[in-house]
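Because the structure is a prediction, the values reported are computed rather than measured. Throughout, protein chains are lettered first and strands after them, A, B, ... in sequence-line order, and every chain is numbered starting at 1.
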Amino acid sequence: MPELPEVETVVSYLRPHLEERIIIGFNAHWPRVTAPALPEDFARQVTDRTIGAVQRRGKYIILDLDRGNIHLHLRMTGRLLVLSPSEADRQSHITAEFDLSDSRRLVFRDMRKFGRVGYLDDLAPLEARLGPEPLSPQFTPRVFHRLLQGRQRRIKPLLLDQSFIAGLGNIYVDEALFLARIHPETPASRLTFARTKVLHRAIQDILMESIQHSGTTIINFQYGEGNTGRFREKLRVFRREEQPCSVCGTPLVKIRVAQRGTYLCPACQLP
DNA sequence: CAGAGCACCTGTGGGC
DNA sequence: TGCCCACAGGTGCTCT
């Protein structure tokens, strides 16, 4: 479900509810939610810890603790809610709950049960598996171009690879490639510096615009008390096959790239 | 290194 | 109405 803008939206919602609270208990309703750790081990590591900053890194939500960090990943259908116990008890598909010192609960709901939570003393192992943040000042067109050089992969699967760049998913890759007029199967190393600059700009624009609209709700994404992202109506290609291209009017097409549904304008987007 | 296939899960929508 | 299949915002593993 969530990509960078949706995770950022969730973090903004969670922050005022979690900062300065103490975790007084943890309960896994679905034991694998803490995989590969066991729920009892995770519970021991986080119980009685105070939550400091609430942050995002790629698609991970990071809760800084007075010692160590909790990382949460929503995968496809995960949601995080801060509720009173009576409200929490009414939720379906709960995979885990944290009891907080203000007698509220952080509830992890996840229909498909792909979402995970874990504890790390040090974020280095997580950091090692993630590429740069696309909205960070260090991510410049020149850095991006250097990263692309020598990569024989097609640009779409490469942009989906979290160790190459962190936070992009199926929606925003398709949208950014459309804005940049780049065919998703273009070999990465073929992109000139000029086209790389355009793509860099497209990625940043699409992410910032979506964050402003609290992300995109296709099916499941919600934050807080059932709010949905408003960016869906701004999507130019994603899930719009057969509709006219907003630039040239050619019907948009859906193809499959690296096993993922991929939407593009066959006239505008060039290899 | 690149890519395909499959696994992990549940729900929804389309076709018959 | 009911059944079966494909598909879904993600990621990680194995095998070629």
Tell me what A:Y172 touches on the nucleic acid: a base, only sugar-phosphate, or nothing, going by heavy atoms under 4.0 Å. nothing

Could you check how far CG of A:L4 sits from P of C:dT11, rounded to whole Å? 11 Å

Measure the distance from OH on A:Y60 to C1' on C:dT11 and round it to the nearest whole Å. 8 Å

Interface residues of residues 111-125 of chain A with DNA chain B (non-hydrogen, below 4.0 angstrom): A:M111, A:R112, A:K113, A:F114

Quote, to the nearest angstrom, the C1' distance that separates B:dC6 from C:dA6. 16 Å

Inspect the surroundings of CZ in A:R15 and state if more than 12 heavy atoms from other residues, nucleotides or ligands are less than 6.0 Å away. yes

Closest heavy-atom pair and its distance - A:I203, A:A176: CG1-CB, 3.8 Å

Within the structure shown, what part of the strands sits under 4.0 Å from A:R232 by heavy-atom distance: base, sugar-phosphate, or nothing? nothing

note: A:W30, atom CH2; B:dC8, atom P; distance rounded to Å ~ 10 Å

OP1, OP2 of B:dA4 versus side-chain N and O of A:R154: anything below 4.0 Å? yes

Polar contact flag, side-chain donor to acceptor under 3.5 angstrom, A:Y172-A:E6: yes

A:R260 side chain N/O closer than 4.0 Å to the phosphate oxygens (OP1, OP2) of C:dC7? no

Can you see if the side chain of A:K156 gets near the phosphate of B:dG3 - specifically, an N or O under 4.0 Å from OP1 or OP2? no

Is a side-chain N or O of A:D64 found less than 3.5 angstrom from the main chain of A:G52, in a donor-acceptor match? no

Looking for any heavy atom pair under 4.0 Å, which part of the strands does A:Q162 touch: base, sugar-phosphate only, or nothing? sugar-phosphate

Round to a whole Å and report the spacing from CG of A:L126 to C1' of C:dT11. 13 Å

Do you know which two heavy atoms are closest between A:T34 and A:P39, and how far apart they sit? OG1-N, 3.2 Å

Pi-cation contact, A:F193 with A:R142 (under 6.0 Å, within 45°): yes

Between C1' on C:dC7 and CD1 on A:I255, what's the gap in Å once rounded to a whole number? 17 Å

Looking at A:R75, I'd like to know whether one of its side-chain N or O atoms comes within less than 4.0 Å of OP1 or OP2 on C:dA8. no

With A:F238, which of A:F178, A:F231, A:Y263 fulfils ring pair (Phe, Tyr, Trp, His ring centres under 6.0 Å)? A:Y263

Using only side-chain N and O atoms of A:H93, determine if any of them is under 4.0 Å from OP1 or OP2 of B:dC9. no

Does A:K254 have a side-chain nitrogen or oxygen under 4.0 Å from the phosphate oxygens OP1 or OP2 of C:dC7? no

Closest to the A:Y263 side chain, choosing from B:dC8, C:dG10, C:dA8: C:dA8

Between C:dC3 and B:dC9, how far apart are the P atoms? Round to whole Å, please. 25 Å

Tell me which of A:Q259 and A:L158 sits closer to the 5' end of DNA chain B, going by the nucleotide each one is nearest to. A:L158

Rounded interatomic separation in angstrom, taking CE from A:M76 and P from C:dG12: 14 Å

Would you indicate whether A:E40, at its atom CD, is surrounded by more than 12 heavy atoms from other residues, nucleotides or ligands within a distance under 6.0 Å? yes

Distance, rounded to the nearest Å, where A:R256 contributes CZ and B:dG3 contributes P: 16 Å

Nearest-Å distance, CZ (A:F238) to C1' (C:dC7)? 11 Å

With both distances kept under 3.5 Å, what pairs with B:dC9, Watson-Crick or G-U wobble? none

